[in-house]
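All remarks here apply to the structure that follows.
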Amino acid sequence: MIIFSYTIYDVAKRAGVSIATVSRVLNNSSHVSEKTKQKVKKAIEELNYIPNILASALTKKTTFTIGLLIPDISNPFYSELSRGVEDACNDFGFNTVICNTDYSTQKEAAYINLLRQKSVDGFVITTAHYNDKNVIKLIKNKIPVVLLDRNIEKSAEYDIDLVLSDNVGGGYIATNHLIQLGHKKIACFLGPSEIEVNVEREKGYMKAMKEAKLKIFPSLVVYGDFKLEFGYKKTLELLKQQIIPTAFFAANDLIALGIIRALKSVGFSVPSDISVVGYDNTILAEITDPPLTTVNQFIREMGYHATELLIKKLKGECSTSKKIIFDTELVIRKSTSECIVVDLQ
Ligand code: RIB
């Protein structure tokens, strides 16, 4: 099927003006009379003309478009984060193109190439692994980038803009909450170790455990991925082992939901038998049964801030690099309660 579309020449012909005049109207230039403006707008409407953004980018050197890379579109954390990015784009006259990488650095590289071919002005990246080469390549090519919720090993060396949250603090408040409820054997389920937020959340867990002088059981500290299935399968495996925890700290809400599902499937009650704390405070935390105690991240705000920062950079309104760290807070719901197990160990 051939799709026919009108060009700027057709609009100029129909309106009886020059191409330059049509271009001025499209760019909201003030040097056009109201009468001419209306003639051009009428022609645009009649022809259903859509300007070619890439052609105009050649002269304006901008497409007013940013690329947003996210690792998992099905995790509600990323719907909210994308919402913040899109809101900021909307407020500042930009558009967003979202690409989902499935936690793969190959897919990340492929999408970066694609978006560069489409001439996006810059990137908000939430997919970077700690030793990510794709980000370094972008920086070396002087492409504007803000890392959102992800840090990389060389961020200081390359002066990269970062919008993060306090992951050590988050791991600490979650674990400390369980300790205050009398739990001693606390499992810690984390996502992939290549993603720095997990290492940081583990640091927070360790800090709270050490401060309370609690024994850390290596078999209870497990790295995996950020999916519900991981929480589910790993919990069932753990329950067959010798050391059974009385509480779990999960590095995101999806893992926590998997843990709860596994516990219920073998007859445990949450929280009467075993407590569970999640991380993110996504919509899932409110609607699950029992409602999930979790660490709140200011997700939308982080997305908004990162995008605003990128756009300021693109407009030349900000030249120095920034590192913004958002606080975290604990939201106590119904998946945690006092430990009733008397532990003699
Ligand atoms: O990518 C998965 C996780 O990383 C999210 O659930 C959120 O915790 C983020 O930091």
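Computed from heavy atoms alone, side chains included, the values below leave out hydrogens, waters and symmetry copies. Both counts, for ligands and for their atoms, begin at 1 and track the order of listing. Numbering starts at 1 and runs along the sequence shown.
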Closest heavy-atom pair and its distance - Gly278, Thr294: C-OG1, 3.0 Å
Test salt bridge (Lys or Arg N to Asp or Glu O under 4.0 Å) applied to Asp161 and Arg150, Lys323, Lys313, the passing residue: Lys313
Distance-only side-chain donor-acceptor flag, Ser82 / Ser79, under 3.5 Å: no
Where Pro291 and Arg333 come nearest, the two heavy atoms and their spacing: O-CB, 3.5 Å
Protein residues that have a heavy atom under 4.0 Å from any atom of ligand 1, sorted by chain and number: Asn75, Phe77, Tyr78, Tyr103, Asp149, Arg150, Arg201, Phe226, Ala251, Asn252, Asp280, Gln297
No-hydrogen, no-angle side-chain donor-acceptor test under 3.5 Å, Thr62 and Asp121: yes
Centroid-centroid under 6.0 Å between Phe326 and His305 rings: yes
